[in-house]
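Heads up: the structure comes next, in structure tokens.
In what follows, every chain begins at residue 1, and chains take the letters A, B, ... in the order their sequences are listed.
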2 protein chains.
Amino acid sequence: MAAHDIDGIPHERWVAVSEVPLRQGSLRERKRAATIDEIKSVALGQLAADSGQMTLRGVAREVGMTVQSLYHYFPSRDDLITALVADAHNALADAVQAAGQASRTLAAGERFVQVALAYRQWAVDHRARFLLIYGTPVPGYEAPREGLTTSAARRLGATFSDVIFGDWTATETAGIRTPHEHARLTAALTTAVELVSPGLPPTAFGLGIELWGRIHGLVMLEILGHLPWLGPAAAGANYRSVILRTAAELEHIRRHGTNSG
Amino acid sequence: MAAHDIDGIPHERWVAVSEVPLRQGSLRERKRAATIDEIKSVALGQLAADSGQMTLRGVAREVGMTVQSLYHYFPSRDDLITALVADAHNALADAVQAAGQASRTLAAGERFVQVALAYRQWAVDHRARFLLIYGTPVPGYEAPREGLTTSAARRLGATFSDVIFGDWTATETAGIRTPHEHARLTAALTTAVELVSPGLPPTAFGLGIELWGRIHGLVMLEILGHLPWLGPAAAGANYRSVILRTAAELEHIRRHGTNSG
DNA sequence: CTGGATTGACTAACAGTGTTAGATAAAACT
DNA sequence: AGTTTTATCTAACACTGTTAGTCAATCCAG
């Protein structure tokens with residue numbers, strides 16, 4: 001909600017039209033939705049700022065109301081953070097899914113490269129939001145067990161499964177050999193794969209998790225400053241190198257079921 | 001500093017003898033060192049507790065003194081955290097280095113497996129400390145630029161370089177081909193490798209970072225609960241599988257300079 | 001169009017946080 | 001033995017998240 005009216009248009013109307021277009025509902029509902037959006041936006045801005053500290057009073061100050069009024073939109077600070085986490089998770093899933101869609105005419109190997117690059121790019125471009133998802137939980141905040149983020153996580157996993165194994169034959173995916181067999185691991189993967197990519201062999205799903213872990217680790221190390229020698233350009237080049245090597249390994253596994261020999 | 005004396009031995013002596021043995025210095029210095037150790041221990045305990053919240057007042061309460069007295073040992077909360085981070089980083093480097101030493105008679109491929117397993121095991125066993133090092137920086141805390149942690153980071157890097165390339169010939173390390181050449185990346189790696197493993201080719205160092213990223217990503221995903229389907233046993237088995245596949249890939253690269261074809 | 005219910009924003013207050021200032025006792029050193 | 005240094009204390013400040021209670025604006029049913 002902006003602090004001042006524009007062009008004499010009453011404040012509430014301008015907000016409603018510009019920020020929540022085409023959404024039906026009473027004026028109050030639209031105003032409320034707009035206010036919620038602005039609160040989240042301001043809170044995110046504070047998390048993304050240098051200090052990285054988000055404080056209810058600071059948000060209220062920036063939005064232009066008292067702290068206590070915030071409680072009419074979010075029951076507590078944790079609920080506000082939960083909303084930000086859910087939004088971030090969905091935005092990341094959107095970005096990765098979009099990359100998967102944009103590359104759907106390419107070969108599977110190249111699709112994986114594109115999606116992996118999109119994953120890092122989003123993390124670099126939205127560091128604070130990426131850390132909301134994958135960083136240390138903010139102190140005193142505990143994520144809801146089965147919340148809004150699970151669907152985003154599933155979309156992410158499904159996109160990865162799709163771009164990695166999309167054009168593999170059933171024989172190829174079934175031929176993937178796991179270096180270390182383990183009954184409990186197979187069981188866990190079998191139940192999990194049904195939620196993400198039904199029909200995919202558990203070993204393939206396990207390989208997908210492995211690839212996710214590879215790219216995730218480098219992204220985390222980079223955005224948290226543990227690769228201080230690498231500037232942004234070098235880190236990006238290093239990442240690309242890793243992705244390309246992984247894509248090559250994937251091709252090898254596709255043909256031989258394993259990378260050894 | 002314990003709350004009560006034991007066996008009639010005066011409190012300060014017992015603490016000094018049991019916690020800071022063999023350290024010369026005045027009684028006051030030894031008491032001070034012991035108090036610092038206990039403060040750090042209590043603070044770490046609070047970070048490792050369910051809530052994960054460390055508060056100066058809580059630490060003081062548990063140690064048995066007032067908040068303000070803590071300021072005679074640490075100038076600020078951030079300095080206490082800095083000490084914890086430095087200790088954690090060194091402890092991790094110790095554990096990894098010890099695994100490297102313990103496996104020094106094995107072949108390089110197997111050494112990498114052992115060290116990688118030790119990396120995860122330490123992270124799982126000391127979740128809070130691992131996150132102090134590699135998690136999101138605690139809000140309002142900014143790590144010192146070139147502090148006590150750089151030496152630990154170097155030791156970690158050196159250990160990884162050693163166990164990965166320790167028994168490779170110069171021809172083999174020089175033959176590593178990078179999928180994506182980039183001038184700035186090579187330059188960055190060239191300067192960085194001198195601090196960690198002087199003499200190692202930059203491309204080999206880059207491969208080492210890639211392997212670190214692989215294992216780091218899976219560990220982070222696991223301890224932050226992003227692989228909820230995998231219980232501890234399955235996560236460990238999955239990790240072992242990844243390590244073994246990577247070791248196989250390393251052997252392939254050693255022989256052919258690349259993993260493609 | 002009017003009256004009752006709902007909603008949004010407010011003031012005031014509480015318990016908790018990190019931090020600083022100043023006083024007082026004990027230990028260490030000369 | 002007297003002086004300095006150190007450790008601990010009490011008191012206070014500004015800040016945090018949160019709750020209670022008040023009042024005007026908005027919505028909705030008669």
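Put simply, CD1 on A:I81 is 14 Å from P on D:dT16, counting in whole angstrom units. In this structure, CZ of B:R32 is placed 16 Å from P of C:dA27, rounded to the nearest angstrom. The nearest whole Å value for the distance from the CG atom in A:L70 to the P atom in D:dT18 is 11 Å. The CG-P distance, from A:L80 to D:dT16, rounds to 15 Å in whole Å. For the pair B:I36 CD1 and D:dT6 C1', the computed distance is 13 Å after rounding to whole Å.
With sequence neighbours left out, the ring pair (Phe, Tyr, Trp, His ring centres under 6.0 Å) criterion links A:Y239 to no other residue. For B:I36, the side-chain contact (heavy atoms from CB on, under 4.5 Å) criterion is met by B:R32, B:K40, B:Y73, B:F74, not counting sequence neighbours. A search for side chain to side chain donor-acceptor pair (under 3.5 Å) contacts involving B:Q46 returns B:E62, not counting sequence neighbours. With sequence neighbours excluded, the residues satisfying side-chain contact (heavy atoms from CB on, under 4.5 Å) with A:A237 are B:H180, B:H182, B:L185.
Listed pair A:S69 / C:dG8 fails the phosphate criterion, with no side-chain N or O lying under 4.0 Å from OP1 or OP2.
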Treat primed atoms plus P, OP1 and OP2 as sugar-phosphate and everything else as base, then score nucleotides 14-25 of chain C 5' to 3': B for base contact with protein heavy atoms under 4.0 Å, S for sugar-phosphate contact only, - for none. ---BBBBB----
Distance-only criterion, 3.5 Å: show the donor-acceptor pairs between side-chain atoms of residues 212-226 of chain B and protein atoms not counting sequence neighbours.
unit_1	atom_1	unit_2	atom_2	d
B:W212	NE1	B:Y119	OH	3.1
B:R214	NH1	B:T246	OG1	3.3
B:R214	NH1	B:E249	OE1	2.7
B:R214	NH2	B:E210	OE2	3.0
B:R214	NH2	B:E249	OE1	3.1
B:R214	NH2	B:E249	OE2	3.3
B:H216	ND1	B:Y119	OH	2.9
B:E222	OE1	B:R120	NE	2.9
B:E222	OE2	B:R120	NH2	2.9
B:H226	NE2	A:I133	O	3.3

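Counting all heavy atoms, side chain and backbone alike, A:A188 lies closest to B:W229 at CB-O, 3.6 Å.
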